[in-house]
Amino acid sequence: MNNWPLTGISVRTSRVELRWPTPGDLDALADRATEGVHAPGFMPFFSQWTDGTREVVARRVLQRHWHAMATWAPEDWTLFLVVVADGEVVGSQSLGARDFGVTREVLLTSWLTLGRQGEGLGGHARAAALELAFTGLGADQAFSVVRRGNDASQAVCAKFGFEPDGSQINAVRGEQVVSDRFRLSRQRWSAHRAIEAEVGGTAAALPLFGVAGPVTAPGPVWSSSAGEGATSGAVESKAEEGGVAEPPRLTTTPEAAVPDVATPRGNSRQALNAATVPAAPVASVLSGVRYAEESDQSAA
């Protein structure tokens with residue numbers, strides 16, 4: 001779509017593709033959500049969007065995506081992409097920000113359908129999202145929120161180099177729950193990079209993200225510290241036509257099989273129920289990125 005360049009965005013690793021969803025992709029995503037996303041006894045999402053009948057859950061998935069598209073603004077946006085593996089839609093990955101042109105911070109969340117968890121797809125989806133944030137959009141910081149007790153998602157943050165960045169309280173199913181915030185700088189991301197990814201289609205869309213000029217490409221080679229195995233090769237993170245300088249070709253070593261991760265925006269009023277835990281450090285995200293309206297859900 002010439003008038004909505006977000007549709008051209010995609011990120012690929014050796015195992016997954018993140019892409020703007022077609023109507024068919026969204027329908028498939030809604031079906032995957034009704035097949036289950038997490039154990040019923042533990043609600044990882046502040047918005048509790050997975051509670052309800054199959055019909056209600058499916059419609060919420062569609063409405064969240066439509067709402068994000070309808071309300072998109074350069075100063076306040078959430079990018080929902082579908083996660084595709086083996087030719088099938090298996091989950092959702094999102095990046096969200098407020099005043100990104102100034103803050104250069106994004107909130108990352110995702111989820112995978114239960115039937116495809118435990119395969120390492122979540123780690124590839126997270127790596128692809130980080131590549132899009134830092135290489136494609138020029139982010140300086142990435143941010144994630146994980147409910148305490150969600151050990152797998154906490155492990156994902158550690159695997160990718162995220163550092164503790166405070167805590168917050170939310171009301172979930174009528175109870176007070178505490179979540180930890182995690183932050184990843186561009187420098188730490190570069191040091192922990194282990195899964196190669198190729199970004200495409202961002203150049204024409206940059207103004208919609210509040211980015212006025214070309215994105216500065218990261219320079220370091222891929223790190224092997226978070227990977228397994230020892231294959232070598234090269235990948236090029238591409239900036240499409242539109243005047244954005246193409247990032248350098250990066251040499252890489254392995255890919256890591258790590259757990260997964262859930263969705264922002266949804267009900268934007270959820271932020272009103274959040275409060276900073278007393279004595280907890282206040283994350284700089286409070287001045288930029290949306291105040292974590294959704295938490296991460298593990299799905300290795």
Side-chain angles (χ1 to χ4, degrees), residues 10-19 21 24-45 49-50 57-58 61 80-95 108-133 142 144 146-147 149-162 182 184 189 192-199 222-231 233 235 252-263 294-300:
S10 68
V11 193
R12 291 182 177 86
T13 74
S14 61
R15 298 195 61 196
V16 305
E17 177 189 10
L18 305 185
R19 70 187 184 210
D25 287 341
L26 275 184
D27 206 34
L29 184 67
D31 287 339
R32 296 297 84 76
T34 64
E35 294 165 5
V37 177
H38 57 82
F42 185 85
M43 171 53 71
F45 305 116
W49 65 269
T50 54
V57 170
V61 170
F80 283 108
L81 302 173
V82 288
V83 181
V84 180
D86 304 319
E88 121 178 283
V89 173
V90 298
S92 175
Q93 176 75 55
S94 68
L95 296 80
L108 301 180
T109 66
S110 71
W111 60 266
L112 291 181
T113 187
L114 276 173
R116 298 305 303 269
Q117 294 178 19
E119 302 177 24
L121 300 178
H124 275 255
R126 175 52 60 99
L130 289 171
E131 193 74 35
L132 174 59
S144 190
V146 184
R147 181 178 172 180
N150 193 343
D151 296 336
S153 283
Q154 299 254 357
V156 170
C157 289
K159 188 76 172 181
F160 281 90
F162 284 78
F182 295 92
L184 180 67
W189 162 73
H192 287 76
R193 243 162 142 193
I195 299 176
E196 59 184 66
E198 183 179 359
V199 179
W222 297 90
S223 164
S224 60
S225 61
E228 299 172 359
T231 58
V235 64
T252 183
T253 46
E255 52 189 273
V258 276
D260 180 310
V261 228
T263 22
E294 194 61 279
S295 58
D296 284 345
Q297 160 61 9
S298 66

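Start at 1 with the first residue, then count along the sequence.
By the 4.5 Å heavy-atom criterion applied to side chains, Leu132 and Leu81 are counted as neighbours. Between Pro21 and Leu29 the shortest side-chain heavy-atom distance does not fall below 4.5 Å. Proximity of Leu184 to Leu130: side-chain heavy atoms (C-beta onward) are separated by under 4.5 Å at one or more points. Within the 4.5 Å cutoff, the side chain of Asp25 has heavy atoms near those of the Arg19 side chain. No side-chain heavy atom of Glu196 sits less than 4.5 Å from a side-chain heavy atom of Ser14. Taking 4.5 Å as the limit, some side-chain heavy atom of Leu121 sits within range of a side-chain heavy atom of Arg15. Side-chain atoms of Arg193 and Glu131, non-hydrogen and from C-beta on, do get closer than 4.5 Å to each other. For the pair Gln117/Leu114, a side-chain contact is recorded, criterion being any heavy-atom separation below 4.5 Å from C-beta on.
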#### Entry: side chain to side chain contact (heavy atoms under 4.5 Å, CB included) between Asp86 and Arg116, worked out
CA-CA 11 Å; Asp86 304 319; Arg116 298 305 303 269; 2.8 Å; yes

### Query
So Val37 and Leu112, side chain to side chain contact (heavy atoms under 4.5 Å, CB included) or not? Walk me through it.
CA-CA 6 Å; Val37 177; Leu112 291 181; over 6 Å; no

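The nearest pair of heavy atoms linking Ala33 to Val61 is CB-CG2, 3.6 Å. Of all heavy-atom pairs between Phe162 and Ala142, the closest is CE2-O, 3.8 Å. When all heavy atoms of Leu95 and Ala133 are compared, the closest pair comes out as CD2-CB, 3.8 Å. Pairing each heavy atom of Thr113 with each of Glu35, the nearest pair is OG1-OE1, 3.6 Å. The minimum heavy-atom distance between Gly123 and Ile195, with the atom names listed, is O-CD1, 3.9 Å.
A donor-acceptor pair under 3.5 Å is formed between the side chain of Thr13 and the backbone N or O of Val16.
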